[in-house]
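These notes are about the structure you will find just below.
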Amino acid sequence: GVFAPTDYGAILDQRYVNTGGLTVRGVDAQASYARDAFGGRLAVAANGAWISDFQRAVTPAAPFVEFVGQVANPARFRGRLTADWTRDALSLGLALNHVSGFEDALGETIRAQDTVDLSVRVTAPETSRWAGASAILSVRNLFDRAAPFYDNPTGFGFDAANSDVIGRFVSLQISKAW
């Protein structure tokens, strides 16, 4: 009612429309094994994700472009290998983590990141006055391995999608169940 249809030169619709495409292909695998060992129970496990394709097209007519293994996109491979040993009230855990290297926009290779995690858990016996209590000491990135350096144009020296910059992180959790 306010303006005649001939007064408009163009109409711009800026709503978000999902017209692009995304193709993801890869393999996720997990395996575990447990047995009695060293006077207790030992459980080992491995899991990993390998991505062969992570392709995006911004419009239906645009070509698909590969992004796997590039900055701010999924790493080609992520894996974790764990070993947990339990005997009575004591549990020990060790984990090896790996994130594959990647390339920046200039084609420079950014190294892979490997870290080690450790945990110790002590649980009070059910027959004691502390029944239901437990304490867990965890150390993430035990050897304080620095994140791979990436000359990020935003000013941060790492890729937040593929790197962990926290460094060694120690935590103690004490809990009581009743």
Side-chain angles (χ1 to χ4, degrees), residues 12-34 42-85 91-121 134-175:
L12 181 61
D13 183 355
Q14 291 186 315
R15 292 178 289 180
Y16 289 107
V17 179
N18 188 8
T19 60
L22 177 66
T23 300
V24 180
R25 291 184 187 95
V27 176
D28 291 331
Q30 180 176 339
S32 61
Y33 178 75
L42 178 65
V44 294
N47 65 60
W50 178 74
I51 300 176
S52 60
D53 294 306
F54 189 86
Q55 302 174 345
R56 285 190 295 234
V58 293
T59 67
F64 278 85
V65 178
E66 183 64 63
F67 286 95
V68 71
Q70 296 179 15
V71 170
N73 289 285
R76 175 87 49 199
F77 178 78
R78 285 182 186 271
R80 183 172 170 93
L81 178 63
T82 62
D84 295 294
W85 178 78
S91 296
L92 304 172
L94 183 69
L96 306 173
N97 309 293
H98 175 78
V99 178
S100 64
F102 52 95
E103 289 185 356
D104 67 10
L106 300 175
E108 294 291 323
T109 300
I110 311 302
R111 71 170 170 81
Q113 184 172 24
D114 298 305
T115 58
V116 176
D117 301 335
L118 177 70
S119 67
V120 177
R121 178 185 182 123
S134 65
I136 303 170
L137 175 67
S138 298
V139 182
R140 194 174 87 188
N141 195 356
L142 178 66
F143 300 112
D144 199 21
R145 181 83 191 261
F149 177 75
Y150 157 55
D151 193 9
N152 192 335
T154 63
F156 301 106
F158 66 96
D159 176 23
N162 294 300
S163 301
D164 186 1
V165 295
I166 292 177
R168 182 182 302 122
F169 184 83
V170 179
S171 66
L172 176 63
Q173 175 184 347
I174 299 173
S175 62

As an exercise, state the distance from [atom1] of [X] to [atom2] of [Y], rounded to the nearest 0.5 Å.
X: Q70; Y: F54; atom1: CD; atom2: CZ; answer: 10.5 Å
X: F102; Y: S163; atom1: CZ; atom2: OG; answer: 4.5 Å
X: I136; Y: S171; atom1: CD1; atom2: OG; answer: 8.5 Å
X: N152; Y: D159; atom1: CG; atom2: CG; answer: 7.5 Å
X: N47; Y: R78; atom1: CG; atom2: CZ; answer: 11.5 Å
X: L118; Y: L92; atom1: CG; atom2: CG; answer: 7.5 Å

Holding to side chain to side chain donor-acceptor pair (under 3.5 Å), I want the full list of residues that pass it with [X], two or more places apart in sequence or in another chain.
X: S91; answer: T86
X: N73; answer: R56
X: R111; answer: none

Closest approach of [X] and [Y], non-hydrogen atoms and distance?
X: A161; Y: A72; value: CB-CA, 3.7 Å
X: I51; Y: P74; value: CD1-CB, 3.6 Å
X: D104; Y: V71; value: CA-CG2, 3.5 Å
X: S100; Y: A75; value: OG-CB, 3.8 Å
X: H98; Y: A112; value: CE1-CB, 3.6 Å
X: V99; Y: N162; value: CG1-O, 3.6 Å

Where the side chain of [X] meets the backbone of [Y], is there a donor-acceptor pair that is under 3.5 Å apart?
X: T82; Y: A95; value: no
X: D144; Y: R168; value: yes
X: R121; Y: A135; value: no
X: Q55; Y: A57; value: no

Could you check F64 against L22 for side chain to side chain contact (heavy atoms under 4.5 Å, CB included), going step by step and ending with a plain yes or no?
CA-CA 8 Å; F64 278 85; L22 177 66; 5.8 Å; no

Looking only at the side chains, is there a donor atom on one of S119 and S138 sitting less than 3.5 Å from an acceptor on the other?
no

Test applied, side chain to side chain contact (heavy atoms under 4.5 Å, CB included); reference residue, R80; option that passes from D117, L96, T115:
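Filter result, single survivor: D117.
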
Using the side chain to side chain contact (heavy atoms under 4.5 Å, CB included) rule, take Y150 and F158 through it: C-alpha gap first, then chi angles, then the decisive distance, then the call.
CA-CA 5 Å; Y150 157 55; F158 66 96; 5.5 Å; no

Thinking salt bridges, do D164 and R145 make one under a 4.0 Å N-O criterion?
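No, D164 and R145 are not salt-bridged.
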
How about V170 and L137: do any of their side-chain heavy atoms sit closer than 4.5 Å?
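Yes, side chains in contact.
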
Passes side chain to side chain contact (heavy atoms under 4.5 Å, CB included), E66 versus D53? Steps please.
CA-CA 7 Å; E66 183 64 63; D53 294 306; 3.2 Å; yes

Under the criterion side chain to side chain contact (heavy atoms under 4.5 Å, CB included), I'd like the reasoning laid out for L94 against V116: C-alpha separation, chi angles, the key distance, then a yes or no.
CA-CA 7 Å; L94 183 69; V116 176; 3.6 Å; yes

